[in-house]
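Only heavy atoms go into these numbers, but all of them, side chains included; no hydrogens, no water, no symmetry mates. Residue numbers count from 1 along this sequence.
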Amino acid sequence: MKVAFFKDGDLKRVTAIGLAMFALLARLILSYGQFATIYPPLAPIDDDLMFKAAQSIVNGNWLGEYTWLTISKHMFFSIWLAFVHKIGIPYLIANAMLWILACYAFTKAISPALSKNWQKLFVFIFLVYNPATWAQYATRIYRDSIFPSLCLFFFSGILGVGLRYQQNIKRWIMWLFMYGVAFGCIYLCREDGIWVFPFFVVAFIVIIGLLILQKNKCIIKKAITILSPFVISLSIILAYCYMNYTHYGRFIISDFTSGEFKSAYGALTSLKQEEWNPIVAIPEKVRQDVYREVPIFASVEDAIKDPLIIVGYFNFDIGDFQSGSFYWALRNALSNLGYYETPQKAKKYYEELTKEIQKAVDEGRLNTDSGSNHLRKSITPPIKLTYVPSVIEETINGFKTVILFEQCYPYAEKAVGYPNEIQRVEDFIHNKGDTGYIEGTDISYMSPSRKLLHNIMEVITSIYKILLTTLAVIAVLWQIKKLIFDLSLRKFDIDSMLNVVMLGFLGMAILRCAMIAFVEVSSFEIGTYVMYLSTVHPLVIAYSVIGFCKTFEF
């Protein structure tokens, strides 16, 4: 047996490939056993928005007829969903296949630093079975179900270049193309997609610094080459903007992140608040001041009291619209007033609103929080020192949620909606929702085989909960040992570069947790939610498993 499967203290390549194929097949079977979360009436600005846009794409009508929601978000997910529908693969299986492909790309990218087949297999399998990829949020028909895959492709592309920076540029082509395409898709998938960029910046500085120290003759050529994939990214983004231009007359990604909306909303958040509430960016008192001093905004006072807007966005516990809801309530109210009849009309309104608020500030009729006449241009609340303790606490909570794989139960939410609504979604995504009940109860019915698959996923999640913390500690110890060793010998080899990469993974994980923490304490206040942290799991897993493999390399 040892002769058949092992050679020189390592798995034979054919054995490793065979085990990897078995592992990915089993992973797809687990996804096949899951239900999709379907609730059209409950997510009009999330799941249902993405779903309807995908339907429109399939019907040749881009993102659909223009309303206040049509181009309100970065909608790459709808393109993916339309693609999945056209090829006829069940939605959850397609997402799992995309994730597996990203895991393979990562394993391939890191292969120069892993000398053994068992190490590569270990990294691949640990990533593939990441419990966050089958968590309840991942069963939703929403963009975060594929966002971690896109980010892992990006990290893989940068890693592929970083571990091969001394090699001929021709060896980089695949990795350059990968992170170029990945960044374009990431940027179009979520409004905060730019978060991956610091990883590239640090990697670029490190690589160029090493090339300078090593007096590499091709330094300028290599520096330009590393930057060149952003031409691919820009092309993808511009093509998307062009589609919006041809259908809506706006050469933008979305009218939520557009300059005029950020300026108008930022102007409102710039105004002085008598009693600051960290979760309310534009309180009622400030709105009353603007209603009085800015005629173009006065009609919003009654429109925003529409019962449907109140039910959908008003927070009765705090007695106001919290930060993460007000901009949607405002847009909805303006739509009811007719300002979203065309994209151009909406644009003109926000430009006029910004101009009128600026005029009122210049004339002293409205005062800014800072005391200056400068108005903010942002859809995020102003950053204040008061947030720091809460952000630190929530960052720690977020990291704990990740490393302990909390909220990673594989059960989809019960389907909500009329039978024909649910059926329409099921037919489009080629996946069933959770619509069955045990007679006389509200407990979901599952066949024995489906229940078994869910139990297996829960067992795997429990294993990760126990193992990952231990592996992370081992990885930290390897990093410290490697750093001391390199400093004593004054050397920098491929494992030294791997050490830097692992620090990058850890830094990006903490950065993402901190970003989500700020949004949580300043805008949402919904509690730690694993969906927003789903891009952290692969970074923490990769960090921990790679460190373990290097520690026990033999």
Heavy-atom side-chain proximity of Met508 to Val536 below 4.5 angstrom = no
Answer yes or no: does atom NZ of Lys86 have more than 12 heavy-atom neighbours from other residues, nucleotides or ligands under 6.0 Å?
-> no
What are the two closest heavy atoms between Gly417 and Ile422, and how far apart are they?
-> O-CD1, 3.5 Å
Go through the steps to decide whether Gln322 and Ser523 satisfy the test side chain to side chain contact (heavy atoms under 4.5 Å, CB included), and finish with yes or no.
-> CA-CA 6 Å; Gln322 64 190 60; Ser523 299; over 6 Å; no
CD/Glu65: more than 12 non-hydrogen atoms of other groups inside 6.0 Å | no
Establish, from distance only, whether the side-chain atoms of Asn95 and Tyr91 form a donor-acceptor pair under 3.5 Å.
-> yes
Heavy-atom count around Tyr529 OH within 6.0 Å, excluding the residue itself: above 12?
-> yes
Taking C-beta and beyond as the side chain, do Tyr411 and Met446 meet within less than 4.5 Å on heavy atoms?
-> yes
Are Arg331 and Phe261 in a cation-pi setup, meaning NZ or CZ lies under 6.0 angstrom from the ring centre and within 45 degrees of the ring axis?
-> yes
Tyr242 and Phe251: CA distance, side-chain angles, deciding distance, ring-ring contact (aromatic ring centres under 6.0 Å, His included) verdict | CA-CA 6 Å; Tyr242 179 73; Phe251 196 83; 7.0 Å; no
If you take all heavy atoms of Leu453 and Ile29, which pair is closest and at what distance?
-> CD1-O, 3.6 Å
Does the side chain to side chain contact (heavy atoms under 4.5 Å, CB included) test come out yes or no for Arg450 and Phe35, once each step is laid out?
-> CA-CA 9 Å; Arg450 195 182 292 270; Phe35 289 119; 3.5 Å; yes
Counting distance only, does the side-chain N/O of Asp144 pair as donor-acceptor with the main-chain N or O of Phe147 below 3.5 Å?
-> no
Kindly assign one of parallel, tilted or perpendicular to the pair Phe124 and Tyr104, based on the angle between their ring planes and the thresholds 30° and 60°.
-> perpendicular
What is the ring orientation for His430 with His85, classed by angle as parallel under 30°, tilted 30 to 60°, or perpendicular over 60°?
-> parallel
Any chance you could lay out the side chain to side chain contact (heavy atoms under 4.5 Å, CB included) test for Ile310 and Phe316, step after step, and finish with the verdict?
-> CA-CA 9 Å; Ile310 295 296; Phe316 290 93; 3.5 Å; yes
Determine, step by step, whether Tyr265 and Glu260 satisfy the side chain to side chain donor-acceptor pair (under 3.5 Å) criterion, reporting the C-alpha distance in whole Å, the side-chain angles of both residues, the deciding distance to 0.1 Å, and the verdict.
-> CA-CA 9 Å; Tyr265 191 81; Glu260 73 278 355; over 6 Å; no
Please say whether more than 12 non-hydrogen atoms of neighbouring residues, nucleotides or ligands are located less than 6.0 Å from NZ in Lys52.
-> no
Describe, in one word, how the ring planes of Trp62 and Tyr240 are oriented to each other, choosing from parallel (under 30°), tilted (30 to 60°) and perpendicular (over 60°).
-> perpendicular
When you look at NZ of Lys377, are more than 12 heavy atoms from neighbouring residues, nucleotides or ligands closer to it than 6.0 Å?
-> no
Find out whether Ser254 and Ser72 are in side-chain contact, i.e. whether some heavy atom of one side chain is under 4.5 Å from a heavy atom of the other.
-> no
From Leu404 atom CG to Tyr464 atom OH, the distance as rounded to the nearest 0.5 Å = 15.0 Å
Heavy-atom neighbours of Phe321 CZ exceed 12 at 6.0 Å | yes
Establish, from distance only, whether the side-chain atoms of Thr528 and Glu520 form a donor-acceptor pair under 3.5 Å.
-> no
Sort out for me which residue in Tyr532, Phe405, Trp134, Trp99 forms a ring pair (Phe, Tyr, Trp, His ring centres under 6.0 Å) with His537.
-> Phe405
May I ask you to decide if the ring planes of Tyr349 and Tyr339 are parallel, tilted or perpendicular, using 30° and 60° as cut-offs?
-> tilted
Just by distance, do the side chain of Ser156 and the backbone of Phe106 share a donor-acceptor pair under 3.5 Å?
-> yes
Donor-acceptor contact below 3.5 Å, side chain Glu525 vs main chain Ile279 = no
Heavy-atom distance under 4.5 Å between the side chains of Phe83 and Ile57, does that happen here?
-> no
Give a yes-or-no answer on whether the side chains of Arg143 and Ser78 include a donor-acceptor pair shorter than 3.5 Å.
-> no
Any sub-3.5 Å donor-acceptor pair from Asn244's side-chain atoms to Ile253's backbone N or O?
-> yes
Within 6.0 angstrom of Met97 CE, more than 12 heavy atoms from elsewhere | no
Is Arg140 close enough and on-axis enough to Tyr39, meaning under 6.0 Å and within 45°, for cation-pi?
-> no
Supply the atom-to-atom distance Tyr142 OH to Phe51 CZ, rounded to the nearest 0.5 angstrom.
-> 16.0 Å
Before giving the answer on side chain to side chain contact (heavy atoms under 4.5 Å, CB included), spell out for Asn332 and Leu308 the whole-Å C-alpha distance, their side-chain angles and the decisive distance to 0.1 Å.
-> CA-CA 10 Å; Asn332 196 343; Leu308 291 178; over 6 Å; no
Hey, is Glu406 close enough to Lys400 for a salt bridge, meaning N to O under 4.0 Å?
-> yes
Heavy atoms, side chains only, cut-off 4.5 Å: are Met75 and Leu49 in contact?
-> yes
Decide if atom CZ of Phe22 counts as having more than 12 heavy atoms of other residues, nucleotides or ligands within a radius under 6.0 Å.
-> no
Could you walk me through whether Phe155 and Phe153 pass the ring-ring contact (aromatic ring centres under 6.0 Å, His included) test, one step at a time?
-> CA-CA 6 Å; Phe155 292 128; Phe153 275 120; over 10 Å; no
Is it true that Arg287 and Asp320 have a side-chain N and a carboxylate O under 4.0 angstrom from each other?
-> yes
Does a donor on one side chain and an acceptor on the other come within less than 3.5 Å for Glu393 and Asn397?
-> no
Begin from the C-alpha positions of Tyr387 and Phe518 and carry the test ring-ring contact (aromatic ring centres under 6.0 Å, His included) through to its verdict.
-> CA-CA 8 Å; Tyr387 284 122; Phe518 175 72; 5.4 Å; yes
Got a salt bridge between Arg512 and Asp192, using NZ or NE/NH1/NH2 to carboxylate O under 4.0 Å?
-> yes
Please determine, by modelled atom types, if Thr37 and Thr139 share a side-chain donor-acceptor pair under 3.5 angstrom.
-> yes
Under 30°, 30 to 60°, or over 60°: which ring-plane class applies to Phe200 and Phe230, parallel, tilted or perpendicular?
-> perpendicular
Compute the ring centroids of Phe256 and Trp68, then answer whether they are less than 6.0 Å apart.
-> no
